[in-house]
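Below is one structure; the comments refer to it alone.
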Amino acid sequence: MVPIQIEDLFYTYPSRETPTLNCINAQISPGDFVLLTGPTGCGKSTFLRAINGLIPHSSGGTLTGTVRINNINVSTQPLATTCEQVSLLFQNPDDQLFCTLVEDEIAFGLENLGFPTDKIRQRITMALEQVGLTGFAERRIDELSGGEKQRVALASICAMQPQILLLDEPTSHLDPRATRDILSIVKQLNTEIGITVVLATHRVKQVQHLCNRVWLMHQGEICLDLPQSEAFQDTSIFRNLGVELPEPEESSNDTQHRSSFHIQSKDTLLEIQNLYYQYPSSEVHAVKDISFEVSRGEVVAIMGENGSGKTTLLNLIAGLLQPDVGQTTIDEIDVRRLKLHQLAGRVGIVFQNPDLLLQAETVCDEVEFGPKNLKLKSDKLHTLVNQVLDQFQLTDIAEEAPYSLSRGQRQRVAVAATFSLHPNIFLLDEPTTGQDAQHLQLLMDELCNHIRQENRTLIFATHNIELTQKYADRVLLIHEGELIYDGTPISAFTDHNLITKCSLMF
């Protein structure tokens, strides 16, 4: 029996005229491991939500065609019934974790299905063992690392014992070591328990050796559906769509791009002195005794394992957090002397979750919001907005509602909105989230070129070694809140012990 059959599937969101899913026909056999990839905005996340019944049961819009699980149309059976068969793991574990303790989170779904207490206990023990978190039952979720949270989210799914597991960019927030662990667990569930897997990701190189089938999507259609052994024999279609290839390609352009990097000025723009910060609910410092300087025109990468303190450091630089000890100065001005609105022209930050920044009705309004509030004249405002929309390839979706876009598109909108303010220091937390290879290169090229041309500064936090090698002049390695390396990427990445310590090896 074929567990999943998809026939003539179309779906259009309420705020859009063009279908996000466009006449999809496909089927998945029991025990398959399907790699689902495609450029940003192609419809991957929407497709997964249609398979598990969130579309149409928990969405507006128009759905036609059918998705059948074990020959039953998911649009005609209760969503709760489908969720017992099909589970969906989101890219950000915080989006699906609601409880305080690990054991309560895993028990949540089982309690809602009326399982007896002894059975729930058995399922919790089994699920924690499956994801490598034995002994974590009474741990607080807010004290876990990103990788540990994703394991808890996966454990809550394992406890439900679904037939089918759907994963939407499950490793986009994780360091390489945590990524390897999560993918290993998913493969084990597939091979040892027989769970059918569909994993949507831009990270083809990490997943291609685990799957037995590859789906490539473009503009809401499946344009390639082949066994893994055949899917990458001709990589031209992946290259044309800007999707990551299984193996890195030699490119003279990378060398030329990197060799053009230079710092126009040695003037210090940012100075960090002996910075300490401890969250109120924590017993340890998230950042401790960090000191460094950044010059105008520099591009600096901050790297380290999940929970190492990268995001905390960015928030301290932006003035969103105040240090317990130490000082941050921008243009020789102590950040503590400036109000947040005074920092707007000096520092811009794009969070790992772009939804924390987006608030306007359209993409155009979002890009316009900052400069308009800074009282930019209407003629200059119009020119600036159109220029920024074009730079980040957002012109075609300028009148779309940000919430209707894919994660990667929302990330680009947030970057464009912050970029429109032309801050002297641009802070970017995990630029790879939700981005295909082509759009990631576009985003980083635009930022780095303008940062250097205008003698400003870009600081980005990432787990991606290739991204740092290509774009950064310097890399700061953070481990357990401490700065353990400040220097060139090439020296850092040739030190095996160093990158192992920071969980940067896949």
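Numbers here simply count residues along the sequence, with the first being 1.
- A donor-acceptor pair under 3.5 Å is absent between the side-chain atoms of Ser295 and the main chain of Glu298, judged by distance alone.
- Annotation for Glu361: atom CD does not count as buried by contact number, only 12 or fewer foreign heavy atoms lying within 6.0 Å.
- Judged by distance alone, with hydrogens and angles left aside, the side-chain atoms of Gln206 form no donor-acceptor pair with the main-chain N or O of Thr179 at under 3.5 Å.
- Salt-bridge annotation for Glu466 and Lys205: present, with a side-chain N of the basic residue lying under 4.0 Å from a carboxylate O of the acidic one.
- Take Asn353 and apply the side-chain hydrogen bond (donor to acceptor under 3.5 Å, both in side chains) test, not counting sequence neighbours, and it matches no residue.
- Residues Gln435 and Leu442 are not in side-chain contact: their nearest non-hydrogen atoms beyond the backbone lie 4.5 Å or more apart.
- Between Phe460 and Tyr471, the distance separating the two ring centers is not shorter than 6.0 angstrom.
- Between Leu458 and Cys448 the shortest side-chain heavy-atom distance falls below 4.5 Å.
- Qualifying ring-ring contact (aromatic ring centres under 6.0 Å, His included) partners for Tyr485, counting only residues two or more places apart in sequence or in other chains: none.
- Formation of a donor-acceptor pair under 3.5 Å by the Ser491 side chain with backbone atoms of Thr488 is not found in this model.
- When all heavy atoms of His202 and Pro39 are compared, the pair lying nearest together is CE1-C, 4.0 Å.
- At distances below 3.5 Å, at least one donor-acceptor pair connects side-chain atoms of Arg410 with backbone N or O atoms of Leu405.
- For the pair Lys44 (side chain) and Gly38 (backbone), a donor-acceptor distance under 3.5 Å is present.
- Shown here for Glu480 and Glu305, the closest heavy-atom pair between the two residues is N-OE2, 3.6 Å.
- Salt-bridge annotation for Arg336 and Asp334: present, with a side-chain N of the basic residue lying under 4.0 Å from a carboxylate O of the acidic one.
- His463 and Glu430 are linked by a side-chain donor-acceptor pair at a separation below 3.5 angstrom, with hydrogens and angles left out of the test.
- Between Phe292 and Leu313 there is a side-chain heavy-atom pair separated by less than 4.5 Å.
- Taking the charged nitrogens against the carboxylate oxygens, Asp331 and Arg296 do have a contact shorter than 4.0 Å, which makes a salt bridge.
- Ionic pairing of Asp486 and Arg474 is present here: one or more N-O contacts between side-chain nitrogen and carboxylate oxygen are shorter than 4.0 angstrom.
- With respect to Glu244 and Arg203, no salt bridge is recorded, no charged nitrogen being found less than 4.0 Å from a carboxylate O.
- Not one N or O on the side chain of Thr12 forms a donor-acceptor pair closer than 3.5 Å with the backbone of Glu17.
- Between Leu443 and Phe419 the shortest side-chain heavy-atom distance does not fall below 4.5 Å.
- Between Asp225 and Arg213 there is a salt bridge, since at least one side-chain N of the basic residue sits less than 4.0 Å from a carboxylate O of the acidic one.
- With contacts defined as side-chain heavy-atom distances shorter than 4.5 Å, the pair Glu482/Asp289 does not qualify.
- Here the side chain of Asn306 pairs a donor or acceptor atom with the backbone of Asp175 at under 3.5 angstrom.
- Atom-to-atom distance recorded for Ile24:CD1 and Phe10:CZ is 9.5 Å, nearest 0.5 angstrom.
- Between Val350 and Val415, the shortest heavy-atom contact is CG2-CA, 3.8 Å.
- For Asn240, there are no side-chain hydrogen bond (donor to acceptor under 3.5 Å, both in side chains) partners at least two apart in sequence or on another chain.
- Counting only distance, with no hydrogens or angles, the side chain of Lys149 and the backbone of Asp94 share no donor-acceptor pair below 3.5 Å.
- Annotation: Asp396, atom CG; neighbour count of heavy atoms from other residues, nucleotides and ligands within 6.0 Å does not exceed 12.
- The side-chain hydrogen bond (donor to acceptor under 3.5 Å, both in side chains) test applied to Ser236 returns Asp234, not counting sequence neighbours.
- A donor-acceptor pair under 3.5 Å links the side-chain atoms of Lys187 to the main chain of Leu210, judged by distance alone.
- Looking only at atom types and distance, the side chain of Gln391 has a donor-acceptor partner in the side chain of His450 under 3.5 Å away.
- Proximity of Thr432 to Leu467: side-chain heavy atoms (C-beta onward) are separated by under 4.5 Å at one or more points.
- Checking side-chain atoms of Gln208 against main-chain N and O of Gln228 turns up no donor-acceptor pair under 3.5 Å.
- Counting only N and O atoms by type, the side chains of Thr235 and Arg239 include a donor and acceptor under 3.5 Å apart.
- Looking at residues two or more places apart in sequence or on another chain, you find a side-chain hydrogen bond (donor to acceptor under 3.5 Å, both in side chains) between Thr46 and Tyr13.
- Leu314 places a side-chain heavy atom less than 4.5 Å from the side chain of Ile302.
- Counting only N and O atoms by type, the side chains of Gln91 and Ser172 include a donor and acceptor under 3.5 Å apart.
- Residues satisfying the salt bridge (Lys or Arg N to Asp or Glu O under 4.0 Å) test with Arg407, not counting sequence neighbours, are none.
- A 4.5 Å side-chain heavy-atom check between Gln393 and Glu446 finds every atom pair outside the cut-off.
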